[in-house]
Structures are given as C-alpha cells and as structure tokens.
Chemist: 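Structure in structure tokens, see below.
In listed order, ligands and their atoms are each counted from 1. The analysis underlying the following values was restricted to heavy atoms, covering all of them including side chains, and did not include hydrogens, waters or symmetry mates. Bear in mind the structure is a predicted one, so any value in this text is a computation, not a measurement.
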Amino acid sequence: MAADQPAWWTSAVVYQIYPRSFMDSDGDGIGDLGGVLARLDHLTDLGVDVLWLSPVYPSPQADNGYDISDYQDIDPLFGSLTQLDELIAALHARGMKLLMDLVVNHTSDEHPWFVESRSSRTSPKRDWYWWRPPRPGMAAGDPGAEPTNWQSHFSGPTWTLDPESGEYYLHLFDRKQPDLNWENPEVRQAVYAMMRWWLDRGVDGFRMDVINMISKDVAADGHLHDGPPIPGTSLGDGSGSFLNGPRIHEFLAEMHREVFAERNGGLLTVGEMPGVTVEEARLFTDPARAEVDMVFQFEHVGLDHGASKWDLRPLKMRDLKASFGRWQAGLADVGWNSLYWDNHDQPRAVSRFGDDSPAFRRNSATCLATLLHLHRGTPYVYQGQEIGMANHPFRTLDDFADVESLNHYVHAVSAGEDAEHVLVALRRMSRDNGRTPVQWDASPSAGFTTGTPWLPVNPDHLEWNAERQRTDDTSVLAHYRRLIALRHEEPVVALGAFAMLLPDHDEVYAFSRSLNDDALLVACNLGRRPQPLFELLPQAKDASLVLGNLPIDEAAVLAPWEARVLRLR
Ligand code: NOJ
C-alpha cells in the first residue's frame with residue numbers, strides 16, 4: 001500500500017449484519033430487510049462506514065441462506081428487491097456502503113442450474129458441477145464408493161449419490177450445497193455477469209464466501225485425489241485438493257478484470273479464505289496483482305481447536321500474539337489485513353477470548369475491542385459485539401439449530417462419542433452462539449421481534465442491551481463509538497507501522513504504531529491480575545492518554561482487562 005495514496009478502506013470500519021438475527025419487522029420471528037432499514041440509526045450512531053449483509057437471496061435455508069437458489073432476487077422471508085434498493089439508497093444517503101455476500105463456491109441443490117445439471121448425464125449444464133462415477137471396481141452406493149475420501153466441512157463424505165444417474169456430486173459443505181465447477185468457463189462468465197448486475201444496481205462490493213475453495217486440483221483425465229486419512233474416521237482430509245487450488249489466483253485475477261477493473265475505486269472486496277497462509281495472503285492482496293483487497297484468515301480463531309473445532313484446547317494468549325504479530329508483519333509492506341474476533345460462524349469473542357463473568361465482561365469486551373481496532377487493517381464489527389453479547393446458555397440438543405452443529409452431533413454420537421461430551425463442545429463452539437437475536441432492549445424478545453424468535457434470545461438481555469448502553473458513556477457501545485472515531489481521525493491508527501512489544505509476556509498484549517513523527521503505544525491486560533505497566537513498558541511513563549477503557553486509578557498499573565492507548569512524546 002503506498003502510504004501517500006491510501007485506499008479509502010484503510011480508515012473504514014465494517015459492520016456485519018446476519019439478517020436472520022438482526023431485527024424482525026413483520027413478527028414472523030426471523031429478521032428481515034425491513035428490520036435492517038428500521039435500525040439504520042444504530043449504524044450511524046456507531047459511526048461505521050460499510051455494511052456487510054450476509055445472504056438474503058432466495059434459498060431453502062439449509063445453511064441459513066449460504067445455499068442460494070437464485071442469485072438475483074431476495075427471499076420473501078427477508079423482503080424484496082425494492083427494499084434492497086431502498087437499503088442501498090438509504091446507506092448511500094448516510095455516507096455508508098453496502099457489501100453483499102457472494103456465495104459462488106456452491107449453489108443450493110434447488111438452484112435451476114443444479115436442477116438442470118442433475119436432470120441427465122447429457123444435460124448441457126452437467127459440467128457446471130462436479131459429477132463423478134463411483135470409485136473404479138465399486139458399485140454406486142457401496143460403502144466407500146465415493147469418488148474421493150474427502151470429509152465434508154459439515155461432517156460425513158463430500159459426495160452424495162444421485163440414484164437416477166448413478167453418479168455422485170461434490171459438496172464441500174452440506175449435501176444441499178453442490179460445488180460449482182469453476183473449470184468450466186461458462187460457470188465463471190455466469191458468475192461475473194451476476195456480480196456486474198449487483199454492482200450496476202449500486203452495491204459497493206462483495207464479501208466472498210470460501211473463495212479460496214473454488215479451484216480444485218483436478219488431473220487432466222478429470223481424476224480428483226484422495227487426501228490423507230483422518231484418524232478415527234473412514235474419511236480423509238481433502239483440503240490439499242481444494243484450498244488455494246492451482247488456478248485460484250488465475251480465477252480471482254480474471255474476476256477482477258471482468259467485474260471490477262473498469263469501475264471506480266469506491267468498491268471493496270474481501271475474500272473469506274480458510275487455511276490461507278500469510279505468504280498466500282500477500283499474493284491475494286497485493287494491489288499490483290489486482291485480485292482482492294483483503295482476506296479473512298482463520299489462524300487466530302483456530303488457536304483453541306485440536307484436531308477439529310469440536311476438540312477443545314485452552315487458548316494461550318502468547319499464541320494469539322504470535323499469530324497476530326506474524327500477520328501484521330507479513331502484510332506490512334504489501335497487502336492489507338482484515339481484523340475480526342466475531343462473525344456468524346464463531347462463538348462470541350467476549351466468552352472465548354475475554355471473560356464473560358459479571359465482574360469482567362464489560363472490561364474484557366472493551367479491552368478486546370481496543371486491541372483489535374488499534375491494529376493495522378480494516379476492523380469488522382459483528383452485530384451484537386458492540387454491546388458485549390456473550391455465548392448463549394444452551395442446554396440440550398433441541399436448543400441448537402445450525403446444520404453444522406446438528407450434523408456433527410449425529411456423526412459423533414453414531415461414531416461412539418459420549419453424547420454429553422459432544423454437547424459440551426457444541427455449547428462452547430456452536431455457530432448458534434453468534435446467531436441468537438440482537439439484544440435491542442429489555443422487553444421479552446429483546447425488541448427483536450413481536451413474534452417467537454427463531455433462536456432463543458439470551459436471557460441476559462435484561463441487563464445487556466443496546467437501549468441501556470446507548471446513553472451510558474461507560475458502556476461497551478460507547479467505547480466502540482470512540483474506537484471507530486479514532487480510526488477516522490488519526491492517520492497513525494489507520495496507516496501507522498505496527499511493532500509487537502513484550503512478545504513473550506503471557507498476559508500483557510502491547511504494541512506500538514508509528515507514522516512519520518507520531519507514535520502510539522497500546523497496552524492491554526488480557527487477564528485478571530494487575531500488571532506493572534511502567535516496569536514492563538517504561539516509555540508509558542511520559543506518554544499521554546489518547547483512549548482507555550477504564551478510569552485510571554494508578555497510572556503505573558494496568559488493572560485487570562484494562563486497555564490504554566497512549567501517545568508517545
Ligand atoms: C462460510 C460461511 O461464513 C458459513 O456460514 C457457511 O456455512 C459456509 N461458508 C458455506 O457457505
């Protein structure tokens with residue numbers, strides 16, 4: 001990034017709405033576009049620049065809209081195209097931009113493209129998806145006859161048999177999410193045309209769902225390769241064949257040429273990329289290569305995973321620092337970071353990285369926010385994070401709704417795992433934690449709906465809600481407002497160079513940011529013990545306070561979960 005010509009999004013903050021859980025305007029218990037339109041003042045009040053809207057397209061909702069059956073319309077569940085146009089206009093009038101979710105690694109199995117593809121082996125769209133015969137020497141439907149041994153992200157094999165044609169189709173996610181075949185140029189052109197249609201309509205860019213999975217490592221004869229066996233299962237890890245596959249850079253560069261190159265610089269693209277390395281991310285986000293503006297990487301949200309996300313491991317703060325530090329250094333001179341704790345696929349950060357016990361919840365939520373927003377990169381705020389929403393007290397299996405959680409339970413229990421043990425992991429890691437309705441006020445359904453919410457409202461909304469925080473200057477919400485304003489006002493926050501300090505300290509996370517003659521010191525205490533700030537960081541003695549999350553009792557000491565942003569002289 002040339003420091004003299006920073007892109008607009010270097011000082012921007014993005015807010016993510018998961019529409020199903022944001023605000024319901026018609027009493028059916030499911031959030032919708034009417035609800036988003038009704039709550040725009042909340043975004044203006046927060047000061048965010050961009051809204052990323054998770055999918056609202058027609059969909060059978062097998063994966064809450066990440067299974068799309070029509071890319072160019074709005075599901076009546078969420079509203080209409082007219083309301084989407086209204087949203088674009090309303091956001092633009094408020095000086096905000098709109099990012100749509102682009103889900104083109106797969107469609108729904110109810111998308112007309114797949115319906116046609118499935119209709120016969122000779123369908124002109126057969127090759128738009130990945131169809132393969134059973135493994136040589138085996139009959140369709142035999143155990144293990146799937147064309148490869150890959151395990152799906154949502155448990156079980158990545159292949160489902162279509163009994164009519166006797167062939168299997170590939171789905172890296174649920175069986176209702178067949179993968180598009182990006183090797184086929186017709187598929188790519190259809191996707192690009194759809195993207196241009198949305199940009200012509202006025203949207204300002206895309207968040208691209210699992211975009212580094214679109215290129216599969218396929219041999220010249222069409223063969224796909226088995227992956228290394230996953231211990232304890234009959235399946236294998238196929239990620240070597242589909243994460244950052246051989247043509248991924250070619251496809252993204254082509255997409256850029258076909259969709260974005262001729263348009264003005266006001267757009268934004270962010271590629272969701274599980275398993276991406278810093279080295280790859282440098283290539284993806286190098287402006288000279290014209291692929292995407294930034295990527296979502298997953299390293300820091302994998303630090304508490306063992307063999308899978310359900311295999312819980314204690315999180316070490318030192319690992320967190322090492323990971324963020326590597327990404328800050330790796331994308332310092334080329335490319336750009338996106339910064340996030342929470343999204344609709346993650347448990348709530350205050351429960352996971354912070355401390356959601358009553359004594360520390362507010363302070364740890366604001367401390368984590370300060371840490372993230374003072375890094376170099378574009379911060380993303382996920383709905384509810386700005387009021388310190390925490391994990392839900394789920395009890396039984398019936399409390400969960402997410403396809404990933406439910407599939408995992410069925411597979412794990414049928415493989416012999418103890419049911420209660422599986423539930424413990426679901427309570428901690430289920431994506432439903434991030435999907436309970438936004439807590440607007442203390443009324444029975446938290447002001448989210450007049451009906452019955454599709455997922456229960458967290459009982460803590462009596463205390464933790466936006467209404468209560470709006471006028472409280474010490475609230476989590478007020479702190480987010482200040483952090484977002486700081487990025488807008490201070491070039492050093494947006495563009496300053498990052499240097500990690502105290503890399504080996506277990507509880508204090510500290511770093512500096514510097515730009516020309518300006519330098520900030522950021523010190524965050526990620527624990528319950530007071531820390532001797534002036535001993536650890538003597539330069540803090542002469543520094544002046546720019547922003548803190550707590551009233552300062554003793555300047556020389558960082559209180560539990562205290563964060564300070566200081567200007568060095
Ligand atoms: C990533 C999305 O964020 C997640 O919610 C979805 O289930 C998968 N991609 C499949 O689209």
Chemist: Can you sort out which atoms of ligand 1 are near Arg431, meaning under 4.0 Å from one of its heavy atoms?
Modeler: 4 (C), 5 (O), 6 (C), 7 (O)
Chemist: In this structure, is the centre-to-centre distance between the rings of Tyr129 and His106 below 6.0 Å?
Modeler: no
Chemist: Looking at atom 6 (C) of ligand 1, what's its closest protein heavy atom, distance included?
Modeler: Asp63 OD2, 3.3 Å
Chemist: For ligand 1, note which part of His171 has a heavy atom under 4.0 Å away: side chain, backbone, both or neither.
Modeler: neither
Chemist: With heavy atoms only and a cut-off of under 4.0 Å, state how Phe296 meets ligand 1: side chain, backbone, both or neither.
Modeler: neither
Chemist: I need the atoms of ligand 1 closer than 4.0 Å to a non-hydrogen atom of Phe154, numbered in the order shown.
Modeler: 7 (O)
Chemist: For ligand 1, which atoms have a heavy atom of Asp345 less than 4.0 angstrom away?
Modeler: 1 (C), 2 (C), 3 (O), 4 (C), 5 (O)
Chemist: How does His106 reach ligand 1, by side chain, by backbone, by both or by neither, if only non-hydrogen atoms under 4.0 Å count?
Modeler: side chain
Chemist: Indicate, with yes or no, if the rings of Phe394 and His392 have centres closer together than 6.0 Å.
Modeler: yes
Chemist: Taking a cutoff of less than 4.0 Å between a non-hydrogen atom of the residue and any ligand atom, is Arg435 in contact with ligand 1?
Modeler: yes
Chemist: Please list, in number order, the atoms of ligand 1 under 4.0 Å from a heavy atom of Val210.
Modeler: 9 (N)
Chemist: Considering only heavy atoms, does His153 approach ligand 1 within less than 4.0 Å through its side chain, its backbone, both, or neither?
Modeler: neither
Chemist: Pick out which of Asn64, Asp63, Asn343 makes a side chain to side chain donor-acceptor pair (under 3.5 Å) with Arg431.
Modeler: Asp63
Chemist: Between Gln439 and Asp460, does any side-chain donor sit less than 3.5 Å from a side-chain acceptor?
Modeler: yes
Chemist: Between Arg207 and ligand 1, find which residue part has any heavy-atom pair under 4.0 Å and reply side chain, backbone, both or neither.
Modeler: side chain
Chemist: In the protein, what heavy atom is nearest to atom 8 (C) of ligand 1, and what distance, to one decimal place, separates them?
Modeler: Phe173 CE2, 3.8 Å
Chemist: Can you confirm if the aromatic rings of Phe284 and His249 lie within a centre distance of less than 6.0 Å?
Modeler: yes
Chemist: Would Leu224 and Asp217 count as a side chain to side chain contact (heavy atoms under 4.5 Å, CB included) here? Give the steps.
Modeler: CA-CA 7 Å; Leu224 294 159; Asp217 186 7; over 6 Å; no
Chemist: Could you identify the single nearest non-hydrogen protein atom to atom 2 (C) of ligand 1 and state the distance to 0.1 Å?
Modeler: Asp209 OD1, 3.0 Å
Chemist: Sort out for me which residue in Phe296, Tyr340, Tyr15, Tyr382 forms a ring pair (Phe, Tyr, Trp, His ring centres under 6.0 Å) with Trp52.
Modeler: Phe296
Chemist: Measure the acute angle between the ring planes of Tyr169 and Trp131, then classify it against the limits of 30° and 60° as parallel, tilted or perpendicular.
Modeler: perpendicular
Chemist: Test side chain to side chain contact (heavy atoms under 4.5 Å, CB included) on Val422 and Trp310; report intermediate values, then the result.
Modeler: CA-CA 8 Å; Val422 178; Trp310 311 111; over 6 Å; no
